[in-house]
Amino acid sequence: MTTPHLPESMTHIAITQPGDPEVLQAQRVPLPEPGPGQLLVRVEAAGVNRPDVLQRRGLYPMPPGVTAIPGLEIAGIVVAIGPDANGAATAFDIGDRICGLTDGGGYAEYVVLPASQALKRPANLDAIHAAAIPETYFTVWANLFMMGKAQAGETLLVHGGTSGIGSTALMLAKEMGLRAISTDGGPEKGEAAVKLGAELSIDYRTQAFGPEVMRWSGGRGVDLILDIMGAGYFEQNLAALAKDGRLLLIGFMAGNMVEKFDLLTVMLKRLTITGSTMRGRNTAEKAAIARELHEWVWPALAAGRCVPHVHEVFALDQAAQAHRLMESRQHVGKIVLKV
């Protein structure tokens, strides 16, 4: 296919200074160029994620040499291909419709990203839903199935079952044969979590989750916990795990400092505790996740299963409104910017 005519400049959303959503402002900047191993993509939609909010507040800076433009996941059309870009899970041509995990820069009309972190999107998915996949699916797959070694027949507790991460975890757990339950903020979110695949929703506003987990599991505890809360839930998580259980830490919405806990619990139960961020992974590690998603999850998406739930769509220049919704925690599933 002929390379399309490209503009010299584009609009992106900049974080003008750390602060409230209003610091997100549209700016005109030169068009980026793909380097070795990279694709240039005309962005059709970009997902909004909690790391974007933390970055905007000045709490989650990009590594040196990485663009400061927020946006970790996109869907769009390949418009230019850098040298040596076709060693990924799938080879790319100009005009391919893809979704991918960026290293930043998704809140823009165009973005460059490593080809190894992009995947051709299933034909049945539009750009809005495809853009809602990469960040949460990469994160959940890496933590739950690669690091956590989750297996069919095991049990899982997901904290925040209707968040972007939580909804993804519930769908993928069901797809892979796990039994899952979740903590959620109220009856409406609980109903949504059950529709997503939870066998039980625990209202964290009115119930301590530990006794409910034990009641559901017959006193055994669960095999895995996927936790976005952190310190505030740490000791309860340890108590709720079964022997040989795995606590998978991916967030710290309830704090990141645990003052003390009983190591004897970890030893007697033979527990494993892991933690990770996607931003801290290198390109090769992200490429390995992409390959596994292509093998295990892409067939389900192509069949119409595990498709992300999109709560609301905003225009690119409404990024501040999208962040306000994210911070309100009133959404179920994903928030997306349409470019």
Side-chain angles (χ1 to χ4, degrees), residues 49-55 57 59-61 63 72 101 134-151 154-173 176 178 180-185 193 198 202 204 208-210 212-214 217 221-282 285-286 288-289 292 326 329:
N49 293 281
R50 193 156 296 279
D52 304 340
V53 172
L54 295 175
Q55 181 185 344
R57 294 175 181 169
L59 302 176
Y60 196 31
L72 298 173
L101 184 75
E135 169 66 12
T136 52
Y137 284 60
F138 271 68
T139 298
V140 170
W141 189 266
N143 285 275
L144 186 55
F145 297 99
M146 296 176 76
M147 295 176 67
K149 303 185 186 305
Q151 300 291 322
E154 289 191 309
T155 52
L156 166 69
L157 169 62
V158 177
H159 288 306
T162 58
S163 66
I165 288 288
S167 59
T168 299
L170 290 175
M171 289 190 294
L172 291 183
M176 298 300 161
L178 281 79
I181 60 176
S182 63
T183 59
D184 303 289
I202 303 164
Y204 65 78
F209 70 83
E212 297 301 317
V213 169
M214 287 301 173
S217 64
V222 290
D223 297 302
L224 301 114
I225 298 176
L226 187 65
D227 181 34
I228 61 174
M229 300 306 294
Y233 280 24
F234 191 74
E235 291 188 63
Q236 296 177 75
N237 282 334
L238 298 186
L241 283 167
K243 282 189 176 180
D244 297 308
R246 287 90 82 197
L247 173 58
L248 315 173
L249 298 168
I250 59 171
F252 46 87
M253 291 175 63
N256 66 323
M257 297 295 294
V258 178
E259 293 187 8
K260 61 180 181 179
F261 67 95
D262 190 353
L263 286 172
L264 188 61
T265 302
V266 177
M267 296 172 69
L268 291 177
K269 288 188 174 183
R270 302 188 297 267
L271 302 180
T272 299
I273 302 170
T274 69
S276 74
T277 66
M278 192 55 61
R279 186 163 295 178
R281 295 175 182 270
N282 61 36
E285 292 170 327
K286 293 174 183 176
I289 302 168
E292 291 210 8
M326 171 70 72
R329 298 172 66 177

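Numbers here simply count residues along the sequence, with the first being 1. We use all heavy atoms of the structure for the numbers below, so side chains are in, but hydrogens, waters and symmetry mates are not.
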Check: Is there side-chain contact between Arg50 and Glu135, with at least one heavy-atom pair below 4.5 Å?
Finding: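 The answer is no, as the side chains (C-beta and beyond) never meet within the 4.5 Å cut-off.
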Check: Does the ring centre of Tyr137 sit less than 6.0 Å away from the ring centre of Trp141?
Finding: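 When the ring centroids of Trp141 and Tyr137 are compared, they turn out to be at least 6.0 Å apart.
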To the nearest 0.5 Å, what is the distance between [atom1] ([X]) and [atom2] ([Y])?
{"X": "Leu101", "Y": "Thr139", "atom1": "CG", "atom2": "OG1", "result": "7.5 Å"}
{"X": "Asp262", "Y": "Leu238", "atom1": "CG", "atom2": "CG", "result": "9.0 Å"}
{"X": "Thr272", "Y": "Leu247", "atom1": "OG1", "atom2": "CG", "result": "10.0 Å"}
{"X": "His159", "Y": "Leu248", "atom1": "NE2", "atom2": "CG", "result": "10.5 Å"}
{"X": "Asp223", "Y": "Leu156", "atom1": "CG", "atom2": "CG", "result": "9.0 Å"}
{"X": "Tyr60", "Y": "Thr277", "atom1": "OH", "atom2": "OG1", "result": "4.0 Å"}

Item checked: Check: Lys149 main-chain N/O paired with Arg246 side-chain donor or acceptor under 3.5 Å ->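 Confirmed, Arg246 side chain pairs with Lys149 backbone.
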Margin query: Tell me if a side-chain donor or acceptor on Lys269 pairs with a main-chain N or O of Ala239 at a distance below 3.5 Å.
Written below: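 Checked: pair present.
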How close do [X] and [Y] get, counting heavy atoms only, and between which atoms?
{"X": "Phe209", "Y": "Thr183", "value": "CB-CG2, 3.8 Å"}
{"X": "Leu72", "Y": "Arg279", "value": "CD2-NH2, 3.7 Å"}
{"X": "Glu235", "Y": "Lys260", "value": "OE2-O, 3.4 Å"}
{"X": "Val140", "Y": "Ala169", "value": "CG1-CA, 3.8 Å"}
{"X": "Asp184", "Y": "Gly161", "value": "OD1-N, 3.0 Å"}
{"X": "Gly148", "Y": "Leu224", "value": "O-CD2, 3.6 Å"}

Next item on the list: Might you work through the side-chain contact (heavy atoms from CB on, under 4.5 Å) test for Met176 and Phe145, ending with a clear yes or no?
Entry: CA-CA 10 Å; Met176 298 300 161; Phe145 297 99; 3.7 Å; yes
Notebook entry, point to check: If you measure only the distance, is there a donor-acceptor pair under 3.5 Å linking the side chains of Asn143 and Ser276?
Noted result: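 Distance-only check passes for Asn143 and Ser276.
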Pairs of donor and acceptor atoms involving the side chains of residues 225-233, under 3.5 Å and at least two apart or interchain, shall be tabulated with distances.
unit_1: Asp227; atom_1: OD1; unit_2: Met229; atom_2: N; d: 2.9
unit_1: Asp227; atom_1: OD2; unit_2: Gly230; atom_2: N; d: 3.0
unit_1: Asp227; atom_1: OD2; unit_2: Asn237; atom_2: ND2; d: 3.3

Next item on the list: Would you check, one step at a time, whether the test side-chain contact (heavy atoms from CB on, under 4.5 Å) holds for Leu172 with Leu144?
Entry: CA-CA 9 Å; Leu172 291 183; Leu144 186 55; 5.7 Å; no
Margin query: Using the rule given for side-chain contact (heavy atoms from CB on, under 4.5 Å), can you reason through Met278 versus Ile289, listing the C-alpha separation, both sets of side-chain angles and the distance that settles it, and then say yes or no?
Written below: CA-CA 11 Å; Met278 192 55 61; Ile289 302 168; 4.0 Å; yes
